[in-house]
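Structure, as structure tokens:
In the text below, chain A, chain B and the rest are named by the order of the sequence lines, each starting its count at 1. Only heavy atoms go into these numbers, but all of them, side chains included; no hydrogens, no water, no symmetry mates.
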Amino acid sequence: MEELILKLKGEIIEVLNLEDVKPEDILDDAPLFGAGLGLDSIDALELIVLMEKNYGIKLTDPSQGRNIFKSVRILAEYIQANRKK
Amino acid sequence: MPNGIFVTGAGIISAIGNNKQETLSALQEKRSGIAPLHYLKTSHTEFPVGEVKLTNEEMMQLLDIPETDIHIRTSLMGMIAVREALCHCGLDPQSPQNVAEMKGLRIAFISGTTVGGMDKGELYYLDFLDNDTQNDYIATQNCGACTEMIADYFGIFSLVETISTACSSAANAIMLGAQLIRDGRADVVVAGGSECLTKFHLNGFNTLMILDREQCKPFDANRAGLNLGEGAAYIVLESEESARKRNIEPLARLSGCANTCDAFHQTASSSDGEGAYLAMKNALASAGLKPEDIDYINAHGTGTGNNDLSEGIAIERLFGTKTPPVSSTKSFTGHTTSAAGGVEAVISLLALQHNFIPVNLNFSEKMLELNFEPYCCDTKPNRFQKPVRFKHVLSNSFGFGGNETALVFSKVDFKVFKEFKASAVYILDAKQISIQSPLVEDWMNNPLPYNEPYIRAIDPDYKLYFEPNVARRLGKVLKRALLTSRQVMEATNITNPDAIITGTGLGCIENTESFLLALLLEGEEMLKPTHFMQSTHNTIGSLIAIDTRCRGYNSTYSHKGISFESALLDAFMQLKNGQIQTALVGAHDEMTPKYFTILKRIGYLGNAENGFSGETAVSMMLGAEQKEGALCRISGVEALYCKELKESKDLKFLNFLQDRLTQILKKAQCSFDDIDAVMIGNSGESANDQVYADICPTLFPGKKLLRYKHLFGESYTAPGLGVYAAATCLHQQRIPAHLFLDSDEKEQKRVKNILFYNQIENKNHTFVLLSACGE
């Protein structure tokens, strides 16, 4: 799990082009949206693409993301349980 | 606002019909045109769409165009709708009697599109990059080329412009049309928009996850997104005087219009609907109407969760508990994107003319957040009893970047008069980022040489200016546009300009290209929403508005090499007529290595030795009041279009240009002798330079000629830098030697007036007369 969390942090930084953010800046349990990294609805869509591309998980309703993207840890847990690749 | 502006014709083609009659029947019989995909080739067959029920070949037959001709779907649909509109108002180009009548008329064509020739772009982009087999379609990738294909089919237009503000484009084209008539620049204006479906934007909307897999359900609690549609629709606007003279019975009056920016997000509307609220409120104010005067609202109503909530809240804020009937006819046509403002204007006019309210299809459950429900069925008991008689209709069109436009059409027995005082127009200051030293005052005095054919702008260290969270999404052109805008706002101490008007030839081409290439090379899955949402031309203008919280007028022109002057003309008219006090006008274009090779293929960059491509970013603050440090006054702006007169030595053609120049000077109260120099667009490309060589001796006899592209290279909006250079000369009261076309000329001191003249392919001609501020 810790390995997946670290990998995910790198992927999030890359796909969202988070200049100047290092993996260690993202706390495992901190919220990704709103106060945390300050991400918005388009970032959520990018994360949905990331999940499909890298883990074979397809979400059809963007509102599902609301619960999954609460923190990197929750995202990692969801991916662990649902990944197809 | 528009004073005595009549609508004298209308034409439409969409999923529900190929003309007004078919459209009317479908609306009255509640027949939706949304159906499974049939004409567009895409793997996303799960999405129903509103397609025009004709193939390109069938449209070409209807239009009598040879099958072998270069064509794009957006232009074909546009031609069909424009033809209907022209015939309606008694200006049928096929009728000899009508043609005689047209001789004395100045007829303009203003079209909105964003997709342009993308239907071919997505077929041939890899060919554009690799070989010469599809070069004919390269030029059609510019929105302006798409507009000109429509214009040239008729050959009657003397002013042609393209607006590209995503889904509000056609409504903004109609607004500009009204302005041109008001300003006395045209007698008749055909305005609206056209947009065909493409794989590009179907996939783009899919990345945003806002496409409904069923028929869309606007204003329904269970709405699940929009259905894309396609179509074209245009209305004919005419001054009261012209309509009376031609003895044409008007359909309606365009009694009010307004455009604002939500200044909130590139793809989402604000939760309080502030931009939409202001657009509707300002449109009513310009019509001199109160909310209770409105009898029907044709809503933007896309069917997405976000739009319908935001728009609904805005409607309630303005209309309170007395909401008039509201419906979204996108449940019939699908969302025709850039054409939507035209399609829905024509539908609103049909409603007004035939006294009926188009229903909102597929509605079953009221939204909890709103107090009203859409007008959906006139058979069940309803507070809107038939027969409906109404006078005023409001039509909303909103676009990406929060570009919000509201139009009010009224029956002709209604009149408003409002006079504006004439004002002078000044360029208060400007900032540029190009191959010349960026953001400094003395860039013109110490020009930097270059000899690369593809020259990149010199970018400052953006980290000094932007927070990482802002910068991370911005491509080159966005960073440059935003920084020059912020700096010119700071320099002039104008933090909230009344209008933000942008010219761009290619918009965010880097994003557009990334999205297109991913689509072509990797397929129609897992595409990046960030690339799509920043692929519309008005991304630039809305980004500036979002960054600065400017909710005023926001428009974007994308018409080939006159995109900047088109933006300038709009700002000039509004400032001169006292409608606004300040305007931020921008000229912004970036280049990519791939697009460079494509343009090179069609000789846009000229021959190998002299051709060079630049990047442009210049932001100017214009004001109606002279401030200390103002660069110059703008005494006149004019844009002309001539299709027929191809030979630049043709005497008739030269007389036409000369005549228009005389009028501009007369209006500006400037004599020809008082012009110190004429700045022209020599670029080293032989065909381009030859036109100037042919025209200048006759048009500007004895005048010294100046150049500017040696400083910046060629780009669609290079004229923005040219005007900045000329303005700087007037401000500094000196023309440096290197600006003269004749290398023997020495620096000139004392400058009163510089005339800027630009031509594109000898079809588009623009003049900007700049004068020293004086004491």
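B:Met209 and A:Thr60 make their closest contact through CE-O, 3.5 Å (heavy atoms, listed as atom of the first residue, atom of the second, distance). Considering all non-hydrogen atoms of both residues, B:Pro468 and A:Glu19 come closest at CB-O, 3.6 Å.
By the neighbour-count criterion of 12 heavy atoms within 6.0 Å, atom CD of A:Glu24 is densely surrounded, having more than that number from other residues, nucleotides or ligands. Within a 6.0 Å sphere centred on CD of B:Glu467, heavy atoms belonging to other residues, nucleotides or ligands number 12 at most. Summarising the local packing, NZ of B:Lys366 is surrounded by more than 12 heavy atoms from other residues, nucleotides or ligands at distances under 6.0 Å. Within a 6.0 Å radius of CZ in A:Arg66, other residues, nucleotides and ligands contribute 12 heavy atoms or fewer. Surrounding NZ of A:Lys22 are at most 12 heavy atoms belonging to other residues, nucleotides or ligands under 6.0 Å away.
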task = Would you please test B:Glu525 and A:Lys58 for salt bridge (Lys or Arg N to Asp or Glu O under 4.0 Å) and show each step?
result = CA-CA 11 Å; B:Glu525 298 294 337; A:Lys58 200 174 169 74; 3.6 Å; yes
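Neither the backbone nor the side chain of B:Gln534 comes within contact range of chain A, judged by heavy atoms closer than 4.5 Å. B:Ile210 does not touch chain A: none of its heavy atoms, backbone or side chain, sits under 4.5 Å away. Of the atoms belonging to A:Val21, not a single heavy atom falls under 4.5 Å from chain B. Heavy atoms of A:Ile48 lying under 4.5 Å from chain B belong exclusively to its side chain. For chain B, the nearby part of A:Asp61 is the backbone; its heavy atoms alone come within less than 4.5 Å.
A:Glu52 places no side-chain N or O within donor-acceptor distance of the main-chain N or O of B:Met526, the cut-off being under 3.5 Å.
Most heavy-atom pairs under 4.5 Å with chain B, from the set A:Leu45, A:Leu18, A:Val49: that is A:Leu45.
Atom CG of A:Asp40 is separated from atom OG1 of B:Thr267 by 7.5 Å, given to the nearest 0.5 angstrom. Here B:Thr207 contributes atom OG1 and A:Ile42 contributes atom CD1; the two are 7.5 Å apart, rounded to the nearest 0.5 Å.
At least one side-chain heavy atom of B:Arg473 sits less than 4.5 Å from a side-chain heavy atom of A:Asp43.
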